[in-house]
Amino acid sequence: MLYSVFMLALRSILRNLLRSFLTILGIVIGVSAVITMVTLGNGATQSIKAQISGLGTNLLMVRPGQRGVPGGGGGIGVAQFSEADAAAILSQIGGVAAVAPEGRASLTVVANGRNWATSVIGSSNAWFATGNWKLASGRLFTADEQLAGAAACLIGETVRREIFDGTVGQTGLGEHLRVRKFSCTVIGILAAKGQSGMGDQDDTVVVPLRTLQRRVTGSVKVATLLISMQEGSDGARLKASLKQLLRERRNLAIDDDDNFNIFDTQQLAETLSSTTQVLTTLLGAVAAVSLLVGGIGIMNIMLVSVTERTHEIGLRLAIGALEHEVLLQFLIEAVVLSALGGVVGIVIATAASWGLSSLMGVPYAFDPFINLLSLAFSAGIGVLFGYFPARRAARMDPIEALRHE
Amino acid sequence: MSELLIQLRGVTKVYGSGQAELLALKGIDLDIEPGEFVAIMGPSGSGKSTAMNILGCLDMPSAGQYLFKGAHVEALSRDQRARLRRRFLGFVFQGFNLLARTSAQENVELPLLYRGDSAGVRRAAAAKALQAVGLGGWEDHTPAELSGGQQQRVAIARAIVTAPAVVLADEPTGNLDTQRSHEIMALLMGLNQDQGITVLMVTHEPVMAAYARRRVHFLDGSIAEDVANTHPTTAALVVPAPEPAGAI
């Protein structure tokens with residue numbers, strides 16, 4: 001019985017193909033919007049998490065400056081750090097894996113007859129550990145090179161591509177790269193990391209800290225300290241003791257505010273991904289409203305269909321259809337319609353989120369839960385909005401219905 | 001003869017209430033035996049359609065008793081009456097009432113669908129019923145592809161596919177020309193004589209009523225005349241004989 005009623009419903013849907021299509025359009029759009037929004041949102045969250053973990057896991061970034069003070073981030077007028085701070089942190093605080101003092105300058109580098117504007121970083125070998133960098137070829141700095149501020153450098157993948165692509169060997173290893181007024185020898189190529197929230201990480205040239213200080217900035221100050229924690233160490237305690245140590249070293253009185261900021265990449269990751277998750281939920285909710293509107297559309301068409309088929313309903317009742325059989329027929333028709341809309345919506349959403357995710361450069365994060373939920377929800381909408389018209393059909397008086405023209 | 005198939009006792013039907021109250025049936029008594037062919041006649045407003053609706057278990061009497069095979073129909077629920085209809089009654093309407101864009105086969109299968117018969121049983125029974133009305137080979141045609149007479153034959157096949165005890169025909173020839181009307185009447189008469197199906201037919205055409213073996217005249221909500229037709233087929237002598245079924 002259920003099967004034949006299902007076939008009846010399917011037949012009547014197929015008989016009105018155009019109308020059926022227009023009826024389910026609302027559901028199709030609703031379902032595909034919800035799934036696409038959620039899938040893209042999840043993809044964006046994943047990509048942000050990946051980018052931040054690419055910066056280095058368990059990484060603390062210390063910058064001079066005061067919170068809430070204009071220009072505080074840049075640290076203008078505030079004491080900078082020194083190499084000695086880095087050494088003190090490493091020796092005095094437990095749970096620290098590596099500390100890298102970092103200086104940066106935006107410069108144009110020249111070699112092989114080509115120019116390239118890039119970011120030149122001065123640091124120690126610890127910098128590669130804090131940033132999860134791998135070597136594609138070559139070597140890191142020697143201890144002598146770091147101490148002496150030698151003219152040696154490692155280059156990122158983007159710099160290699162822009163300067164050395166097309167040369168013999170293509171790597172640029174051993175070549176001379178002119179940075180402002182000095183030349184350095186390329187001793188290593190860094191493995192590519194790709195785009196991050198902070199721009200192209202591979203667009204970089206790394207020289208020993210002293211080389212940068214002496215030949216570029218002309219100061220022994222350090223703008224940033226990068227501190228990577230050991231696996232499993234207590235981040236909150238480490239941060240507290242780091243703060244205490246820096247306050248002592250910077251001679252701050254008890255009632256003075258901190259003149260430095262500690263950024264935690266993990267915290268940053270959590271904040272950013274919770275933001276995208278909120279946005280995803282919000283967009284999904286907006287899309288869900290269109291699903292509801294689609295359901296009302298189905299109710300409208302089912303009501304029209306019931307009125308239009310009054311005669312047919314009268315006939316069915318007259319030849320012995322029971323009330324619940326007529327109810328079931330129209331209910332199943334509504335459910336089949338809306339579930340069909342759900343299926344079409346899922347197909348469209350899969351195509352759309354796949355295409356859009358590659359366009360937006362976020363990973364395609366297929367979420368079986370939201371797909372199943374949307375399908376169940378659309379079928380549920382069929383039950384909810386199909387029930388009223390179906391009941392109206394089932395309760396008709398066969399004589400009145402047969403007389404209806 | 002045998003036990004009564006239908007017994008109406010003091011059946012009254014009132015429509016509306018108060019000033020607008022309309023007494024459609026004023027205490028009807030009617031007995032029908034199995035195998036009868038009864039023509040129900042009368043002017044419009046005489047109560048014949050109301051009586052037909054009650055006989056077809058589509059409507060309930062306001063007062064009085066309706067016994068179908070000894071069972072009190074007036075005590076049955078809506079669904080119980082539907083079950084009675086699907087088991088014992090077949091309906092033929094003036095306007096054919098076939099489902100549009102649906103093949104003759106599927107139209108005839110419809111009552112079996114509600115009985116829960118399997119596809120194989122439905123197909124065989126529908127083919128047999130269509131054969132019986134002379135439409136063997138027309139199974140796949142939709143109503144739009146059939147003439148009025150053929151459509152009414154499909155409707156008759158739908159009425160007899162469940163092997164009912166009674167076929168209720170409400171002006172079955174009302175929408176047909178004389179030639180087709182006689183063919184349909186011959187078909188109903190054949191079903192009555194060969195298969196023993198009781199036929200109750202509403203008509204206002206005396207020529208068609210002449211096919212029946214009994215005529216019941218309604219007037220102002222009462223039965224004015226209830227006579228046996230001694231020569232049921234005399235009408236066939238007056239007009240050209242109906243063509244054999246299948247020669248359409």
Side-chain angles (χ1 to χ4, degrees), chain A residues 1-21 23 301 304-333 336 390-405, chain B residues 13 15 24 49-50 52-60 77-103 106-119 121-122 142-143 155 157-162 164 167-168 170:
Chain A
M1 183 66 215
L2 209 63
Y3 171 75
S4 41
V5 170
F6 176 78
M7 291 311 289
L8 270 178
L10 210 62
R11 223 175 272 159
S12 115
I13 288 168
L14 290 177
R15 243 175 247 146
N16 284 305
L17 210 55
L18 178 66
R19 176 199 281 188
S20 305
F21 170 73
T23 306
I301 289 295
V304 169
S305 171
V306 165
T307 309
E308 201 183 63
R309 289 157 66 189
T310 300
H311 210 74
E312 176 194 328
I313 295 161
L315 174 78
R316 288 179 188 276
L317 289 168
I319 64 173
L322 303 182
E323 213 173 299
H324 79 261
E325 287 168 342
V326 173
L327 181 100
L328 211 61
Q329 185 195 336
F330 280 89
L331 202 56
I332 286 181
E333 212 171 299
V336 168
R391 203 189 58 171
R392 177 185 269 201
R395 296 220 174 142
M396 276 181 184
D397 175 9
I399 301 166
E400 287 295 321
L402 277 170
R403 216 175 276 155
H404 182 93
E405 286 305 328
Chain B
K13 183 70 189 180
Y15 289 114
S49 292
T50 306
M52 197 65 167
N53 286 337
I54 290 173
L55 285 169
C57 302
L58 292 169
D59 208 351
M60 296 285 261
S77 74
R78 198 180 137 107
D79 272 358
Q80 281 171 323
R81 280 183 287 134
R83 285 205 168 85
L84 189 149
R85 286 199 296 273
R86 75 161 68 150
R87 191 153 159 224
F88 295 110
L89 307 184
F91 289 90
V92 178
F93 304 95
Q94 179 177 2
F96 319 140
N97 284 351
L98 300 177
L99 297 188
R101 282 167 287 173
T102 306
S103 70
E106 285 177 72
N107 264 296
V108 175
E109 280 184 20
L110 199 61
L112 302 176
L113 204 64
Y114 288 112
R115 283 209 318 204
D117 289 346
S118 71
V121 171
R122 292 202 307 264
T142 63
R158 183 181 60 198
I160 63 169
V161 74
T162 54
V167 167
L168 296 106
D170 192 354

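These numbers come from a predicted model, not from an experiment. A note on names: the letters A, B, ... follow the listed sequences, proteins ahead of strands, and every chain is numbered from 1.
- Of the listed residues A:A318, A:G314, A:P398, the one with more heavy-atom pairs under 4.5 angstrom with chain B than any other is A:A318.
- Residue B:Q80: no heavy atom, backbone or side chain, is found under 4.5 Å from chain A.
- Proximity to chain A (any heavy atom under 4.5 Å) is restricted, for B:R78, to the side chain, taken from C-beta onward.
- For the pair B:L58 and A:D397, the tightest heavy-atom approach, listed with the atom from each and the gap, is O-OD1, 4.4 Å.
- Heavy atoms of B:R81 lying under 4.5 Å from chain A are absent altogether.
- Contact check for B:L99 versus A:R316: side-chain heavy atoms found under the 4.5 Å cut-off.
- Among B:L98, B:L89, B:T102, the residue with the largest count of heavy-atom pairs under 4.5 Å with chain A is B:T102.
- Contacts of residues 304-311 of chain A with chain B at a heavy-atom distance below 4.5 Å involve A:H311, listed in sequence order.
- Under a cut-off of 6.0 angstrom, the local environment of CZ in A:F21 is sparse, with at most 12 non-hydrogen atoms contributed by other residues, nucleotides or ligands.
- With hydrogens and angles disregarded, no donor-acceptor distance shorter than 3.5 Å links the side chain of B:R87 to the backbone of A:G320.
- Only the backbone of A:A394 comes within less than 4.5 Å of a heavy atom of chain B; no side-chain atom from C-beta onward does.
- Rounded to the nearest 0.5 angstrom, B:F96 CZ and A:L315 CG are separated by 13.5 Å.
- Of all non-hydrogen atoms in B:D79 and A:L322, the two that sit nearest each other are O-CD2, 3.4 Å.
- The part of A:L402 that comes within reach of chain B is its side chain, from C-beta onward, which places non-hydrogen atoms under 4.5 angstrom from that chain.
- Interface check for chain A: of the options B:P111, B:A119, B:A82, the most heavy-atom pairs under 4.5 Å are formed by B:A82.
- There is no contact between A:E400 and chain B, counting heavy-atom distances below 4.5 Å.
- Considering all non-hydrogen atoms of both residues, A:I399 and B:D59 come closest at CD1-CB, 3.4 Å.
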